[in-house]
**Student:** 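Pasting a structure here, questions to come.
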Amino acid sequence: MINTTTAVAAQPSSSSSSNTAAQSLGLKSFFKTPEGRYKLHYDKTHPSSLLPYALAKSITQITLADLKDQPVQAAANTSSLQPTSSYSVASSGVRYVTSKFLGSSGNGSRMLGFVGGNGTGSKANGGASKSSHVGGLNNGGNSTGGSNPSDGKGTYLIFNVGDTLYVTELNSEEKDPIKSISFGNSNPICHAFDSKAKDGHDFLIGLNSGDVYSVSLRLQLQDVGKKLVGAHHYNKDGALNSSRCTCIAWIPERDGAFVAAHADGNLYIYEKSKDGPGDSTFPVIKDQTQFSVAHARSSKSNPIARWHICQGPINAITFSADGRHLATVGRDGYLRVFDFLNEQLICGGKSYYGALLCCAWSADGKYILTGGEDDLVQVWSMEDRKVVAWGEGHNSWVSGVAFDSYWSPPTSEGESENAVYRFGSVGQDTQLLLWDLAMDELVVPLRRPPGGSPTYSRTQSSHWDSVVPVGTLQPAPSTKDVPKLAPLVAHRVHSEPLSGLIFSQESILTASRDGHVKIWTRPGVSDSSDTCTPTKPATTGFK
């Protein structure tokens, strides 16, 4: 591992050059926390040849994929699949993605039939097509040539900019990605990786045309031809839903099933093993403002169900670790939490102002974080079914939130075991904020008595102590009713607005919306160790 305080003098690597550039912009290569310094280890980005106008086409998101301990047999089983069509590539352009694949075919000239957000084009297949493939990847000028593909045995970072997806080796000093794929007329918007996939198809991609793909990440990394091979295609050409796919997620503890949410407020449940489409039509939604569920008429159909969540775009979705609950946030400013197994709305509520943009579960499923256009980080309690704390510290929209499941609170003999949670947030103010949440230490504000001054107490008021009935969507609470949190750390980590945040065992990853990713190593991590492997999270901090 490179010590960023000495890297500039030691060698002209990508890390040292990025540190020099950061310093010229007034950015520091470290930030301090009570447990020590987090140091800037690597800076990943797209090829310098990317045209400036391409940066405005999408917002960069990031995903980690660890293939080191994954079996190879499943991916090899799909290697016999041959592409039926190829897609000629654009030489630059970056697309956001999370964990997956890529290659670059240089000989394809036949277009695959992607469409834009208007959903025009062939509508012959509304379900899954297992014979569709995307080719046309390029290396974007990186040092890894087409004759030297990755062995697919490491930890990879996937991100998007414009109409292109990039894959880079997380623990490599190389700044530029090793693979890229351009989607031309349709931009990748979201992606997800499943480390437990049994058939090799472990990576999902959602496009702004509404199309969805599942692929084997390892197969793409090992493919010399640089094209996306063996891809399963769902909602082809937006046949079922032509609005953009805003977010996508694997369903935990349910192999082969995933959900895709769209900009029209609908969410679809797919099973990747089904050929489909069967009868993939669903009844007309009678009331756009109400939650409703419709199932496919045929057992062979794919998708198998449609959930109408809200009126307007769904901005983010996330499952609890056990797959029991699903949280969604949307442009209408509401968080909604569902019992996914029973298809029931449990609770939810509105932001203080504007849309909600992001959400995340704690590892134990007790709390949910949300962030959005009100510049606040909201902490929701599943037990109380309401907001229990507001984090104030951002100066602009909050674009990413996450719990740090690898962090454990310091303990000493004689201290009571109070559950303490560490979480982070990033925003368009270019700042990373770290927070500590200890429920027993929250100071609960009381209402201002007539003619008096506001008072505060650790004793819960009747309003604070009340539990919201199941299925209730609450209005935004008064500022007098919610305890306030102050950030533990506030650090400007990028020069551009931030869009992504990931905690790994040995680092924090931050991404700016224009396609730059920074990896900050935790205090005490050896400079020579192989870092950033997203292994099983610790649970010490959760009671």
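In what follows, residues are counted from 1 in the order of the sequence shown. Values reported hereafter were calculated over all heavy atoms of this structure, with side chains retained and with hydrogens, waters and symmetry mates removed. Model, not experiment: these values are computed from the prediction.
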**Student:** Between K175 (side chain) and D43 (backbone), is there a donor-acceptor pair under 3.5 Å?
**Tutor:** no
**Student:** Do D163 and S186 make a side-chain contact, defined as non-hydrogen atoms from C-beta onward lying under 4.5 Å apart?
**Tutor:**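 In short, these two side chains do not touch, never coming nearer than 4.5 Å.
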**Student:** Can you measure from CD1 (I314) to CG (L356) and round to the nearest 0.5 angstrom?
**Tutor:**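 One gets 13.0 Å once the value is rounded to the nearest 0.5 Å.
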**Student:** Taking C-beta and beyond as the side chain, do R331 and N315 meet within less than 4.5 Å on heavy atoms?
**Tutor:** yes
**Student:** Show the numbers, then the answer: is there a side-chain contact (heavy atoms from CB on, under 4.5 Å) between S399 and V426?
**Tutor:** CA-CA 6 Å; S399 49; V426 293; 4.1 Å; yes
**Student:** Which is it for F503 and Y406 under the ring pair (Phe, Tyr, Trp, His ring centres under 6.0 Å) test, yes or no, and what are the steps along the way?
**Tutor:** CA-CA 8 Å; F503 289 99; Y406 303 90; 8.3 Å; no
**Student:** Residues two or more places apart in sequence or in another chain: which of them pass side-chain contact (heavy atoms from CB on, under 4.5 Å) with T318?
**Tutor:**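 If we apply the side-chain contact (heavy atoms from CB on, under 4.5 Å) test to T318, skipping adjacent residues, the hits are A327, C359, W361.
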**Student:** Testing the basics here: between I62 and A511, what is the closest heavy-atom pair and its distance to 0.1 Å?
**Tutor:**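 Residues I62 and A511, closest heavy atoms: CG2-CB, 3.7 Å.
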**Student:** Before giving the answer on side chain to side chain donor-acceptor pair (under 3.5 Å), spell out for N235 and N241 the whole-Å C-alpha distance, their side-chain angles and the decisive distance to 0.1 Å.
**Tutor:** CA-CA 7 Å; N235 191 33; N241 191 319; 5.6 Å; no
**Student:** Do you know the tightest heavy-atom contact between P177 and T168?
**Tutor:** CA-CB, 3.9 Å
**Student:** H46 vs H516, test: side-chain contact (heavy atoms from CB on, under 4.5 Å). Steps then yes/no.
**Tutor:** CA-CA 7 Å; H46 50 76; H516 290 79; 4.1 Å; yes
**Student:** Measuring from atom OG of S29 to atom CZ of R37, what distance do you get when rounded to the nearest 0.5 angstrom?
**Tutor:** 8.0 Å
**Student:** Check whether any side-chain heavy atom of V167 lies under 4.5 Å from a side-chain heavy atom of L157, and answer yes or no.
**Tutor:** no
**Student:** Which heavy atom in E392 sits nearest to a heavy atom in W435, and how many Å separate them?
**Tutor:** N-CH2, 3.5 Å
**Student:** Ion pair present between D332 and R336, side-chain N to carboxylate O less than 4.0 angstrom?
**Tutor:** yes
**Student:** Do V401 and F423 make a side-chain contact, defined as non-hydrogen atoms from C-beta onward lying under 4.5 Å apart?
**Tutor:**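 No, side chains not in contact.
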**Student:** Report the C-alpha distance between Q428 and R513 in whole Å, list the side-chain angles of each, state the deciding distance to 0.1 Å, and finish with yes or no for side-chain contact (heavy atoms from CB on, under 4.5 Å).
**Tutor:** CA-CA 9 Å; Q428 295 193 19; R513 61 187 303 163; 3.7 Å; yes
**Student:** Can a donor-acceptor pair be found, under 3.5 Å and without considering hydrogens, that links the side chain of E169 to the backbone of Y156?
**Tutor:**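 The answer is no, because no donor-acceptor pair under 3.5 Å joins these two groups.
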**Student:** Knowing that exactly one of V493, L432, L509 qualifies, which makes a side chain to side chain contact (heavy atoms under 4.5 Å, CB included) with L501?
**Tutor:**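 The side chain to side chain contact (heavy atoms under 4.5 Å, CB included) with L501 is passed solely by L432 among V493, L432, L509.
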**Student:** Roughly how far, to the nearest 0.5 Å, is the NZ atom of K32 from the NZ atom of K28?
**Tutor:** 7.0 Å
**Student:** When you measure from the side chain of T45 to the backbone N and O of G515, does any donor-acceptor pair fall under 3.5 Å?
**Tutor:** yes
**Student:** Heavy atoms, side chains only, cut-off 4.5 Å: are D211 and H233 in contact?
**Tutor:**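 Side chain of D211 against side chain of H233, heavy atoms only: contact under 4.5 Å found.
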**Student:** Could you tell me whether E174 and K44 have a side-chain N and a carboxylate O separated by less than 4.0 Å?
**Tutor:**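 Between K44 and E174 there is no salt bridge, as every charged N stays at least 4.0 Å from the carboxylate O atoms.
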**Student:** Would you name the heavy atoms of I317 and A249 that are closest together and state the gap between them?
**Tutor:**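 Result for this residue pair: CD1-CB, 4.1 Å.
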**Student:** Between the main-chain N or O of A261 and the side-chain N or O of N266, is there a donor-acceptor pair closer than 3.5 Å?
**Tutor:**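 Here the side-chain-to-backbone pair does not exist.
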**Student:** Does the side chain of R492 reach to within under 4.5 Å of the side chain of L27, using non-hydrogen atoms?
**Tutor:**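 In short, these two side chains touch, coming nearer than 4.5 Å.
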**Student:** Could you check whether any side-chain N or O of T521 sits under 3.5 Å from a backbone N or O of K39, counting only pairs where one atom can act as donor and the other as acceptor?
**Tutor:** yes
**Student:** Distance-only, no hydrogens or angles: does the D194 side chain make a donor-acceptor pair with backbone N or O of D202 under 3.5 Å?
**Tutor:**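 No: the side chain of D194 does not pair with the backbone of D202.
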**Student:** To check you understand the geometry: which heavy-atom pair defines the closest contact between C245 and G206, and what is its length?
**Tutor:** SG-CA, 3.9 Å
**Student:** Hey, what do you get for OG1 (T510) to CD1 (I519), rounding to the nearest 0.5 Å?
**Tutor:** 9.0 Å
**Student:** So how far is it from L335 CG to T370 OG1, rounded to the nearest 0.5 Å?
**Tutor:**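 Taking CG in L335 and OG1 in T370, the distance rounds to 6.0 Å.
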**Student:** So, R218 side chain and L67 main chain: donor-acceptor pair closer than 3.5 Å or not?
**Tutor:** yes
**Student:** Calculate, to the nearest 0.5 Å, the distance between atoms NE2 and CG belonging to H394 and D429 respectively.
**Tutor:** 5.5 Å
**Student:** Sequence neighbours excluded, which residues qualify as ring-ring contact (aromatic ring centres under 6.0 Å, His included) partners of F31?
**Tutor:**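 Y38, H491, W520.
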**Student:** Would you call R522-D404 a salt bridge at under 4.0 Å N-O?
**Tutor:**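 Result for this pair is yes, salt bridge flagged.
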**Student:** Kindly write out the residues that satisfy ring-ring contact (aromatic ring centres under 6.0 Å, His included) with Y268, not counting sequence neighbours, or none if the list is empty.
**Tutor:**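 By the ring-ring contact (aromatic ring centres under 6.0 Å, His included) rule, Y268 matches H262.
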**Student:** What is the ring orientation for Y270 with F258, classed by angle as parallel under 30°, tilted 30 to 60°, or perpendicular over 60°?
**Tutor:**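 Aromatic pair Y270/F258 classed parallel.
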**Student:** D374 side chain to S351 main-chain N or O, any donor-acceptor pair under 3.5 Å?
**Tutor:** no
**Student:** Run the side-chain contact (heavy atoms from CB on, under 4.5 Å) test on H41 and S507 for me, step by step, so that the C-alpha distance in whole Å, both residues' side-chain angles and the decisive distance to 0.1 Å come before the verdict.
**Tutor:** CA-CA 9 Å; H41 180 43; S507 66; over 6 Å; no
**Student:** Does I59 offer a backbone N or O that forms a donor-acceptor pair with the side chain of S499 under 3.5 Å?
**Tutor:**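 No: the side chain of S499 does not pair with the backbone of I59.
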**Student:** Quick check: closest heavy atoms across V398 and L376, and the distance to 0.1 Å?
**Tutor:** CG2-O, 3.7 Å
**Student:** For the backbone of S214 and the side chain of H201, can you confirm whether one donor and one acceptor N or O come within less than 3.5 Å of each other?
**Tutor:** yes
**Student:** Within the 4.5 Å heavy-atom criterion, are I502 and L64 side-chain neighbours or not?
**Tutor:** yes
**Student:** Measure the shortest side-chain to side-chain distance between L369 and Q378 over non-hydrogen atoms and say whether it is less than 4.5 angstrom.
**Tutor:**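 With C-beta onward as the side chain, the pair stays apart.
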